[in-house]
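A quick write-up on the structure given underneath.
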Amino acid sequence: MVKFLKELIVNKENLLFNIKEIKKRITKSNYTIIAVVKGNGYGLGIVPYTKFLSENGINFFGISSIEEAINLRDSGINENLIILTPFIDKSEVEILIKNNIILTIDSYESAKIANAIAKEQNKTILAHIKIDTGLSRYGFTYSSTNEIYTIIKECNNIIFEGIFSHLSNSLAKDNSWSILQFNRFTKITNELKNLGIKFKYEHICNSSGFFKYPNMHLNCARIGSAFLGSAYGSGNFLKHIGTFHTKISRIKQLSKGDIIGYGNSYIVNKSTKIAIIHTGYFDGIGITLEDQRFKFLSKAKRVFIDFKKLFSNDFIYLKINGKLYKVLGQIRNV
């Protein structure tokens, strides 16, 4: 019998608590939460996680890959699924349409391909239009009103039920960029309304945006990390839902002066016994935000933090048999 070294224990009561708390923050009637379950349900297992959310009042889900779409459909998940990544490969779009996945349209090309395939399959499909208001990835530019209007009028086999954008800096204390993005987004949606184009769903808020900017709620939001108990701006009312268990794989005795970790990041200052566990970044242990490598202030801040750590007890701690132990040395994702 294989004995697994690692397991994630999910507290369903805490997850249910978070669902209820998120719903309490909804400021409008007829509001829709799109639960983002990408990345295998943030590591929780996309099928059981999605089913639990569905059983507790969430009926719209966001995914990012064809594999996730097929997995959910094959597992009997029949609720609304939107793929938040645009596709232009014909064979991939055919699979998505066949599985009744709501598409993201971000260009004239993607719209024409989706419309042609829907016509071939004798279907009328659903889609959301993505607007690039400052993230500079997918999306029509926020000045593409006339182009979007033309596409909607030409694509008779697509019902454009939604329009959305994505806040690129909702974690920042300075709200000015998020406000600018929101204003860009509402400008184009208002222009389309003036041309007679209205959408069932309008959404720009992610988890942190949902809590920080009630005035940006519109009538829909995409919530991911908040269900897990982590969302900047949410205060302390959410509960963490997971406990990660692993086992010790080695015990080593080190001497004063021995080095631990990548980058020679920890020097043992006395004879020390250490435990080695087979886990790291790939399990979410020791993850920190990457530096914004082209910003001087970000680099300066990182230098300051690293310098400060030399004189502080700023360690990650793990609990072993009920006792907390420091994680020594720098973890690297290699």
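Just so it is clear, the model here is predicted, and its values are computed rather than measured.
Judged purely by distance below 3.5 Å, without hydrogens or angles, the side chains of Thr104 and His128 never pair a donor atom with an acceptor atom. Under the 3.5 Å distance criterion, with hydrogens and angles disregarded, no donor-acceptor pair is assigned to the side chains of Ser165 and Gln181. Side chain to side chain, Glu154 and Tyr108 meet the donor-acceptor criterion of an N or O pair below 3.5 Å. No side-chain N or O of Asn40 forms a donor-acceptor pair with one of Tyr49 less than 3.5 Å apart.
Judged by distance alone, with hydrogens and angles left aside, the side-chain atoms of Glu79 form no donor-acceptor pair with the main-chain N or O of Ser54 at under 3.5 Å. Formation of a donor-acceptor pair under 3.5 Å by the Thr186 side chain with backbone atoms of Asn183 is found in this model. Looking only at distances, a side-chain donor or acceptor of Lys212 sits under 3.5 Å from a matching main-chain atom of Ala172. Between the side chain of Asn80 and the backbone N or O of Phe61, no donor-acceptor pair lies under 3.5 Å. In this structure, Arg73 contributes its side chain and Ile77 its backbone to a donor-acceptor pair below 3.5 Å. Asn11 contributes no side-chain N or O that, together with a main-chain N or O of Ile241, makes up a donor-acceptor pair within less than 3.5 Å. Judged purely by atom type and a 3.5 angstrom limit, Thr189 uses its side chain to pair as donor or acceptor with the backbone of Phe185. Judged by distance alone, with hydrogens and angles left aside, the side-chain atoms of Thr50 form no donor-acceptor pair with the main-chain N or O of Val47 at under 3.5 Å. Remark: the backbone N or O of Ile101 is not paired with any side-chain donor or acceptor of Asn99 at under 3.5 angstrom.
Rounded to the nearest 0.5 angstrom, Ile102 CD1 and Asn100 CG are separated by 9.5 Å. One finds the OG atom of Ser64 at 12.0 Å from the CD1 atom of Ile82 (value rounded to the nearest 0.5 Å). Separation of atoms CD1 (Ile19) and CG (Asn56) is listed at 4.5 Å; rounding is to 0.5 Å. Met216 contributes atom CE, which lies 7.0 Å from atom CG of Asn175 (distance to the nearest 0.5 angstrom). Interatomic distance, Leu167 CG to Ser207 OG, rounded to the nearest 0.5 Å: 11.5 Å. Rounded to the nearest 0.5 angstrom, Leu254 CG and Ile274 CD1 are separated by 4.0 Å.
More than 12 heavy atoms of other shown residues, nucleotides or ligands fall within 6.0 angstrom of atom NZ in Lys112. Residue-environment remark: NZ (Lys12) stays at or below the threshold of 12 foreign heavy atoms within 6.0 Å. The number of heavy atoms from other shown groups lying within 6.0 Å of CD1 (Ile267) does not exceed 12. Under a cut-off of 6.0 angstrom, the local environment of CG in Asn269 is crowded, with over 12 non-hydrogen atoms contributed by other residues, nucleotides or ligands. Within 6.0 Å of CD on Gln253 lie more than 12 heavy atoms contributed by other residues, nucleotides or ligands. Heavy-atom contacts from other residues, nucleotides or ligands closer than 6.0 Å to NZ of Lys252 number 12 or fewer. For CG of Asn122, the number of neighbouring non-hydrogen atoms (other residues, nucleotides, ligands) closer than 6.0 Å is 12 at most.
Both the sub-6.0 Å distance and the 45° axial angle are not jointly satisfied by Arg222 relative to the ring of Phe60.
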Next on the checklist: Does Ile63 form a side chain to side chain contact (heavy atoms under 4.5 Å, CB included) with Val37? I'd like the steps, not just the answer.
Outcome noted: CA-CA 6 Å; Ile63 53 178; Val37 294; 3.9 Å; yes

Next on the checklist: Could you go through Phe227 and Leu238, starting from their C-alpha distance and side-chain angles, then the distance that decides it, and tell me whether this counts as side chain to side chain contact (heavy atoms under 4.5 Å, CB included)?
Outcome noted: CA-CA 8 Å; Phe227 286 120; Leu238 295 177; over 6 Å; no

Checklist entry - Does the side chain to side chain contact (heavy atoms under 4.5 Å, CB included) test come out yes or no for Ser170 and Asn206, once each step is laid out? => result CA-CA 8 Å; Ser170 59; Asn206 52 8; 3.3 Å; yes

Next on the checklist: Between Ile131 and Phe164, does the side chain to side chain contact (heavy atoms under 4.5 Å, CB included) criterion hold? Intermediate values first, please.
Outcome noted: CA-CA 6 Å; Ile131 305 297; Phe164 72 103; over 6 Å; no

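At least one side-chain heavy atom of Leu192 sits under 4.5 Å from a side-chain heavy atom of Ile163. Side-chain contact check for Ile151 versus Phe160: some heavy-atom pair is nearer than 4.5 Å. Using a 4.5 Å cut-off on side-chain heavy atoms (C-beta onward), Val93 and Leu103 make contact. Using a 4.5 Å cut-off on side-chain heavy atoms (C-beta onward), Ile248 and Ile276 make no contact. Asp132 is not listed as a side-chain neighbour of His166, based on a closest heavy-atom distance of 4.5 Å or more. Between Cys220 and Ile34 the shortest side-chain heavy-atom distance falls below 4.5 Å. Counting heavy atoms from C-beta on, the side chains of Asp258 and Tyr266 never come closer than 4.5 Å. Contact check for Leu218 versus Phe182: side-chain heavy atoms found under the 4.5 Å cut-off.
In this structure, Leu96 is a member of the same hydrophobic cluster as Ile159, with clusters built from ILVMFWY side-chain heavy atoms closer than 4.5 Å. Leu135 and Leu180 fall into different hydrophobic clusters, where Ile, Leu, Val, Met, Phe, Trp and Tyr residues are linked whenever their side-chain heavy atoms come under 4.5 Å apart, directly or through other members. Hydrophobic clustering places Leu15 together with Ile26 (ILVMFWY residues linked when any side-chain heavy atoms are closer than 4.5 Å, directly or through intermediates). Phe17 is not connected to Leu53 by any chain of hydrophobic side-chain contacts under 4.5 Å among Ile, Leu, Val, Met, Phe, Trp and Tyr, and they are in different clusters. Linking ILVMFWY residues whenever their side-chain heavy atoms come closer than 4.5 Å, directly or via other members, leaves Phe199 and Tyr138 in distinct clusters.
Considering every non-hydrogen atom in both Trp177 and Thr133, the closest pair reads CZ2-O, 4.4 Å. Counting all heavy atoms, side chain and backbone alike, Thr141 lies closest to Ser144 at OG1-OG, 2.6 Å. Taking both residues in full, the closest heavy atoms of Ile58 and Lys23 are given as CD1-CE, 4.0 Å, listed atom of the first, atom of the second, then distance. Counting all heavy atoms, side chain and backbone alike, Ala114 lies closest to Ile105 at CB-CD1, 4.1 Å. Of all non-hydrogen atoms in Leu84 and Gly62, the two that sit nearest each other are CD1-CA, 4.2 Å. The minimum heavy-atom distance between Ile97 and Ala118, with the atom names listed, is CD1-N, 4.0 Å.
Classification of the Phe210-Tyr31 ring pair by plane angle, with boundaries at 30° and 60°, yields tilted.
Looking at Glu21 and Lys239, no side-chain N of the basic residue comes within less than 4.0 Å of a carboxylate O on the acidic one, giving no salt bridge. With respect to the salt-bridge test (charged N to carboxylate O, under 4.0 angstrom), the residues Lys51 and Glu55 do not qualify. A salt bridge is defined here as a Lys NZ or Arg NE, NH1 or NH2 lying under 4.0 Å from an Asp or Glu carboxylate O, and Glu120 with Lys90 meets this definition.
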